[in-house]
Structures are given as structure tokens and as C-alpha cells.
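All remarks here apply to the structure that follows.
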Amino acid sequence: MASHDESDHLPEETQGYKLSQPKQSLAEYQNMDANDESLQRYKQSLGLGGGKDLSDPSDSRVCIIHALTMESPGRAPVTIDLSAPGSEATLKDRPFKIKESCKFTMVATFKVQHEILSGLQYVQVVKRKGIKVSKDSEMLGSYAPNTEKQPLYTKRFQEEEAPSGMLARGHYNATSSFVDDDKKTHLQFEWSFDISKDW
């Protein structure tokens with residue numbers, strides 16, 4: 001297998017963007033400006049300060065991707081189950097079909113634990129016969145650790161349309177990555193799909 005250019009699996013840099021302050025612990029965020037009402041509302045919108053933290057002390061991962069689902073009208077959702085460690089290892093060998101010119105939406109389901117996850121992005125590089133045909137990224141956002149009030153996060157991506165025509169039909173390989181503002185890759189996996197005339 002050819003080696004991947006690592007920068008290809010990172011989100012595009014926004015010119016001039018820098019994190020405004022160094023990363024802080026969850027406790028520091030919760031105690032920050034306790035008398036500032038607007039900051040308190042902002043922290044609540046991030047999920048801080050409500051419910052029992054569900055972080056697993058025996059699991060050091062900050063972001064755990066549970067599933068990636070493709071939803072398309074006229075067909076049952078297709079889910080890539082990523083909840084079990086190592087489950088992504090065989091995805092490349094089990095392609096699923098996408099009907100040409102159909103509209104579809106991807107949905108990510110994930111859990112955050114131990115600390116605030118800042119600027120999570122989904123990056124997808126698609127290749128056909130070894131040649132890169134597209135690189136897309138979707139900003140998922142920033143999240144506090146999950147609590148019993150919200151045990152999982154679900155993020156719907158922008159609607160997309162599959163390519164169509166004789167030249168578009170065929171087998172594709174994709175590499176998907178979940179990367180945060182610190183350029184930490186939380187999960188990267190290869191999978192494949194076929195564009196065909198019918199489901």
C-alpha cells in the first residue's frame with residue numbers, strides 16, 4: 001500500500017486563525033469568571049455544569065467515534081459501526097453502494113470525555129484507481145464531555161449529491177479522519193464504496 005501524505009488528512013488551515021488561549025482543564029473552564037452571567041450561559045451551551053460526567057477513567061481517548069451513517073431518501077440508512085476498537089480495520093474490503101445522482105447526508109455519532117474537544121472536523125479524501133478525486137471537510141464544532149443528560153453527540157453534515165454518468169460509476173476508496181484544532185487525529189480509517197446505476 002502506498003504511503004499517505006499525512007497533511008492530506010488534515011483540515012485546511014484558515015489564514016490568520018490562531019487559538020486565542022492555551023488549552024485549559026475542564027475544572028479551569030468551569031471555575032472561570034463565576035460571576036459573569038453571559039459566560040455562564042456560554043458554558044451551559046457547551047454542556048458544562050449539567051449532569052454527571054460519563055468519562056471512562058480506564059479509556060484515555062478524548063473523542064470516541066461510534067458510527068458514521070449515510071441517509072438517503074428511498075433507502076434504509078447505511079451505518080459504519082465504529083464503536084468497537086478495531087472495527088474499522090475491515091471496512092475497506094466491504095464496499096457499499098451509492099446510487100448515482102442520489103442526494104445523501106452523512107451523520108456522525110460520537111462521545112467526548114475527559115476534556116473539552118475544540119474544533120472537531122471530519123476530513124475525507126476519496127481516491128479512484130489511486131488518484132485523488134476529492135478532499136472534503138466538515139466542521140463538527142467544539143464539545144464538552146458527555147453527561148447523563150446527553151450521552152452521545154450527533155452531527156448531521158451538509159447534504160451531498162453523488163456523481164453520475166458512465167465515467168463516475170465504479171469503485172472508490174476513501175480515507176476519513178476526525179481531527180481537532182490541535183491537529184490531533186482521533187480516528188482515521190479507510191473504507192470503500194461503489195457508485196452504480198441502482199441501489
Side-chain angles (χ1 to χ4, degrees), residues 1-15 17 63-112 117-143 152-181 183-199:
M1 183 171 104
S3 67
H4 297 290
D5 177 11
E6 286 303 313
S7 66
D8 209 22
H9 301 288
L10 294 175
E12 300 294 322
E13 299 252 340
T14 302
Q15 188 86 14
Y17 173 76
C63 182
I64 303 166
I65 310 301
H66 283 259
L68 193 59
T69 302
M70 182 188 81
E71 297 177 351
S72 183
R75 142 170 227 172
V78 177
T79 299
I80 299 173
D81 183 3
L82 300 164
S83 58
S87 60
E88 71 279 0
T90 60
L91 293 174
K92 188 177 174 184
D93 303 324
R94 297 187 330 235
F96 62 86
K97 281 187 183 180
I98 299 176
K99 183 180 175 181
E100 64 179 351
S101 73
C102 78
K103 294 193 184 300
F104 64 93
T105 304
M106 300 300 287
V107 180
T109 305
F110 57 98
K111 176 184 175 185
V112 176
L117 180 62
S118 178
L120 182 64
Q121 290 191 54
Y122 173 76
V123 180
Q124 176 178 286
V125 177
V126 177
K127 294 183 178 182
R128 184 169 185 198
K129 298 180 180 177
I131 298 169
K132 182 168 84 168
V133 294
S134 71
K135 177 181 177 180
D136 300 301
S137 64
E138 179 95 18
M139 174 55 82
L140 304 182
S142 298
Y143 299 89
L152 292 173
Y153 291 114
T154 301
K155 175 67 176 180
R156 298 181 69 77
F157 296 9
Q158 294 286 331
E159 184 178 70
E160 297 182 58
E161 185 172 338
S164 62
M166 188 174 74
L167 294 176
R169 287 183 220 127
H171 184 75
Y172 294 81
N173 291 313
T175 301
S176 293
S177 307
F178 289 86
V179 183
D180 67 21
D181 271 350
K183 308 258 183 292
K184 179 178 180 185
T185 300
H186 294 278
L187 179 67
Q188 182 171 308
F189 61 97
E190 293 183 57
W191 55 287
S192 61
F193 59 92
D194 295 318
I195 302 287
S196 59
K197 276 188 162 186
D198 298 302
W199 291 115

Which donor-acceptor pairs under 3.5 Å do the side chains of residues 82-89 make with protein atoms, sequence neighbours left out?
| unit_1 | atom_1 | unit_2 | atom_2 | d |
| --- | --- | --- | --- | --- |
| Ser83 | OG | Asp81 | OD1 | 2.7 |
| Ser87 | OG | Asp81 | O | 3.2 |
| Ser87 | OG | Ala84 | O | 2.8 |

List, one per line, each side-chain donor-acceptor pair under 3.5 Å for residues 154-164, sequence neighbours excluded.
| unit_1 | atom_1 | unit_2 | atom_2 | d |
| --- | --- | --- | --- | --- |
| Arg156 | NH1 | Glu71 | OE1 | 2.8 |
| Arg156 | NH2 | Glu71 | OE1 | 2.9 |
| Glu161 | OE1 | Lys103 | NZ | 3.1 |

Would you be so kind as to tabulate the donor-acceptor pairs closer than 3.5 Å made by side chains of residues 191-199, with sequence neighbours excluded?
| unit_1 | atom_1 | unit_2 | atom_2 | d |
| --- | --- | --- | --- | --- |
| Trp191 | NE1 | Ser176 | OG | 2.8 |
| Ser192 | OG | Lys92 | O | 2.8 |
| Asp194 | OD1 | His171 | ND1 | 2.7 |
| Ser196 | OG | Asp198 | O | 2.6 |

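A side-chain donor-acceptor contact under 3.5 Å links Ser142 to the backbone of Gly119. Although no hydrogens or angles enter the test, the distance criterion places a donor-acceptor pair under 3.5 Å between the side chain of Tyr143 and the main chain of Leu140.
When side chains are defined from C-beta on, Leu68 counts as touching Met106, because their heavy atoms get closer than 4.5 Å. Using a 4.5 Å heavy-atom threshold, the side chains of Tyr122 and Asp136 count as separate. Two residues are said to be in side-chain contact when any heavy atoms from C-beta on lie closer than 4.5 Å; Ile98 and Met70 meet this criterion. Taking 4.5 Å as the limit, every side-chain heavy atom of Lys184 sits out of range of all side-chain heavy atoms of Val179. Using a 4.5 Å heavy-atom threshold, the side chains of Gln124 and Thr175 count as separate. Under the 4.5 Å side-chain criterion, counting only non-hydrogen atoms from C-beta, Phe110 is not in contact with Leu187.
Rounding to the nearest 0.5 angstrom, the gap separating the CG atom in Leu91 from the CG atom in Asn173 is 12.0 Å. Separating the CD atom in Gln188 from the OG atom in Ser177 is a distance of 3.5 Å, to the nearest 0.5 Å.
Checking Ser118 against Asp181 by side-chain atom types alone, a donor-acceptor pair falls below 3.5 Å.
Nearest heavy-atom pair, Arg128 versus Gly170, reported as atom, atom and distance to 0.1 Å: NH2-CA, 3.6 Å.
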(message) Show, in sequence, the C-alpha distance, side-chain angles and deciding distance for Tyr153 and Val112, and conclude whether the side chain to side chain contact (heavy atoms under 4.5 Å, CB included) test is met.
(response) CA-CA 8 Å; Tyr153 291 114; Val112 176; 4.0 Å; yes
(message) Evaluate Ser137 against Val123 for side chain to side chain contact (heavy atoms under 4.5 Å, CB included), listing each step before the verdict.
(response) CA-CA 4 Å; Ser137 64; Val123 180; 4.1 Å; yes
(message) Glu100 vs Arg169, test: side chain to side chain contact (heavy atoms under 4.5 Å, CB included). Steps then yes/no.
(response) CA-CA 7 Å; Glu100 64 179 351; Arg169 287 183 220 127; 3.1 Å; yes
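In this pair, Phe189 and Phe178 present their aromatic rings parallel. The plane angle is below 30°, not in the 30 to 60° band.
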